[in-house]
Amino acid sequence: LNIIHTQKSTFNNASIMIKIKAGSNYENQNNIGVAHLLEHLIINHNHYIISNYGAKVNAITTRDFCIIEVKILEHFIEQAIKYITQIFLDNNYVDSQVLTQKQIIKHEINLYKNSTQKILLQNTYKNLYPKSRMTILNTGEENHIDKVSLNDLINFKNNFYTTQNTVISIISNLDNNIIIHLLQKHLEQINNSSFKINNPIFNICEKPKYMVIGKNDNNLNIKIDFAGDTLNSNLKYNLKILSNLVNNHLVNKLKNQDHLVYNLNVQNYSSLNYGIFSIYTVSSDEQIINKIMNEISNINQNNFYQAKI
């Protein structure tokens with residue numbers, strides 16, 4: 001179990017974040033939606049431990065991780081540590097709790113259906129990473145949620161919510177020795193697991209894919225995506241710098257000079273198992289995709305002289 005404590009003398013509150021390698025990419029065809037549903041279940045199940053101490057809990061399930069953050073007054077930090085300990089230890093869930101969280105997630109899914117950005121991103125995954133878990137919503141669809149059982153949730157938790165898959169990061173004003181004492185007092189109850197995770201396999205399509213969502217007020221929402229690189233690769237730094245340089249070039253040429261786009265953004269995103277280099281823009285010009293690709297083709301080393309880099 002990796003634990004990081006950052007001591008800040010000006011910090012009156014305590015913040016504890018746990019990051020677990022238990023995102024939706026580790027689901028299989030029989031339990032799609034289990035990762036996000038489990039996150040909902042566990043943060044609410046033992047909330048009584050911190051509910052009377054003014055704590056605030058935020059959580060998110062990504063493709064790679066489940067991330068839970070607890071913010072609490074420093075004086076009550078032990079309650080927060082108790083809370084995160086029970087996330088690992090307590091499996092005493094009941095079907096009624098699961099049903100409640102399923103209904104909440106179904107509302108989330110319906111909200112996504114009308115989101116242009118969500119649709120664009122989903123098309124990105126389908127084109128760049130075909131036949132992978134990423135072709136389906138991170139939450140799963142409603143029919144997937146209905147199929148997830150209490151047993152599925154407990155099995156997924158037992159397999160992935162393990163010490164070697166977890167990092168705990170703490171920020172407080174407390175002395176390191178106090179933090180160590182509190183952690184040893186509670187976290188020693190968590191047993192190590194020998195379960196090993198095999199990283200998901202992605203069949204990457206190397207060619208760029210264009211996603212055009214129908215006209216909105218005579219505007220096109222366009223996303224051009226390329227397969228990027230993972231967090232474990234040094235290439236991610238090159239791609240980050242490149243995204244800034246390409247962004248500046250395209251904004252200057254297509255927006256500021258030619259006035260062809262309303263907004264334009266180039267980003268590189270690197271994750272544990274995948275990466276995406278993307279260009280997003282909104283324009284009324286029917287030929288804007290070709291113009292963007294022409295600009296990219298015309299970029300050469302001379303455009304990116306050393307001062308810019």
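Side chains are part of it too, since the values below use all heavy atoms of this structure and drop only hydrogens, waters and symmetry mates.
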Sequence neighbours left out, cut at 3.5 Å: what donor-acceptor pairs do the side chains of residues 254-267 make with other protein atoms?
unit_1	atom_1	unit_2	atom_2	d
Asp258	OD2	Lys253	NZ	2.5
His259	ND1	Lys255	O	3.3

Using residues 238-246 as the side-chain source, report each donor-acceptor pair under 3.5 Å to any protein atom, sequence neighbours left out, with the distance given to one decimal.
unit_1	atom_1	unit_2	atom_2	d
Ser243	OG	Leu239	O	3.4
Ser243	OG	Lys240	O	2.7

Could you tabulate the donor-acceptor pairs under 3.5 Å formed by side-chain atoms of residues 71-88, not counting sequence neighbours?
unit_1	atom_1	unit_2	atom_2	d
Glu74	OE2	Asn173	N	2.7
Glu78	OE2	Lys185	NZ	2.8
Glu78	OE2	His186	NE2	2.9
Gln79	OE1	Lys82	NZ	3.4
Gln79	NE2	Ile49	O	2.9
Tyr83	OH	Ile43	O	2.7
Thr85	OG1	Ile81	O	2.7

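No hydrogens or angles considered: a donor-acceptor pair under 3.5 Å links the side chains of Lys157 and Asn91. For the 3.5 Å distance criterion, the side chains of Asn294 and Ser297 fail to qualify, holding no donor opposite an acceptor. No side-chain donor-acceptor contact under 3.5 Å links Glu108 and Thr139.
Remark: the backbone N or O of Arg63 is paired with a side-chain donor or acceptor of Asn25 at under 3.5 angstrom. The closest donor-acceptor contact from the side chain of Gln97 to the backbone of Val94 lies under 3.5 Å. Side chain of Gln7 to main chain of Ser172: no donor-acceptor pair is present (N/O by atom type, distance under 3.5 Å, no hydrogens or angles). Here the side chain of Glu69 pairs no donor or acceptor atom with the backbone of Ala59 at under 3.5 angstrom.
Shown are Leu41, Asn28, Ile154, Leu153; of these, the side-chain contact (heavy atoms from CB on, under 4.5 Å) with Val34 is made only by Leu153. Remark: of the listed residues Ile16, Asn58, Ile42, Ile42 is the sole one forming a side-chain contact (heavy atoms from CB on, under 4.5 Å) with Ile68.
Of all heavy-atom pairs between Leu272 and Lys21, the closest is CD2-CE, 3.7 Å. Closest approach of Asp64 and Asn273 over heavy atoms only: OD1-ND2, 2.8 Å. When all heavy atoms of Ala35 and Glu27 are compared, the closest pair comes out as N-OE2, 2.9 Å. Here the shortest heavy-atom pairing between Thr61 and Glu39 reads OG1-OE1, 2.7 Å. Scanning all heavy atoms of the two residues, the minimum distance from Lys223 to Ser278 falls at NZ-CB, 3.8 Å. Closest non-hydrogen pair, Glu295 versus Leu250, comes out as CB-CD2, 3.6 Å.
With sequence neighbours left out, the salt bridge (Lys or Arg N to Asp or Glu O under 4.0 Å) criterion links Asp146 to Lys106. His40 pairs by the ring pair (Phe, Tyr, Trp, His ring centres under 6.0 Å) definition with His36, not counting sequence neighbours. Listed by chain and residue number, His45 satisfy the ring pair (Phe, Tyr, Trp, His ring centres under 6.0 Å) test with Tyr93 (two or more places apart in sequence, or in another chain).
Taking the six-membered ring where the residue is Trp, Tyr274 and Tyr269 present tilted rings, their angle falling between 30° and 60°.
Around atom OH of Tyr112, more than 12 heavy atoms belonging to other residues, nucleotides or ligands sit under 6.0 Å away. In the displayed structure, Asn234 atom CG is contacted under 6.0 Å by at most 12 heavy atoms of other residues, nucleotides or ligands.
Side-chain contact between His144 and Leu137: absent, with no pair of heavy atoms (C-beta onward) separated by less than 4.5 Å.
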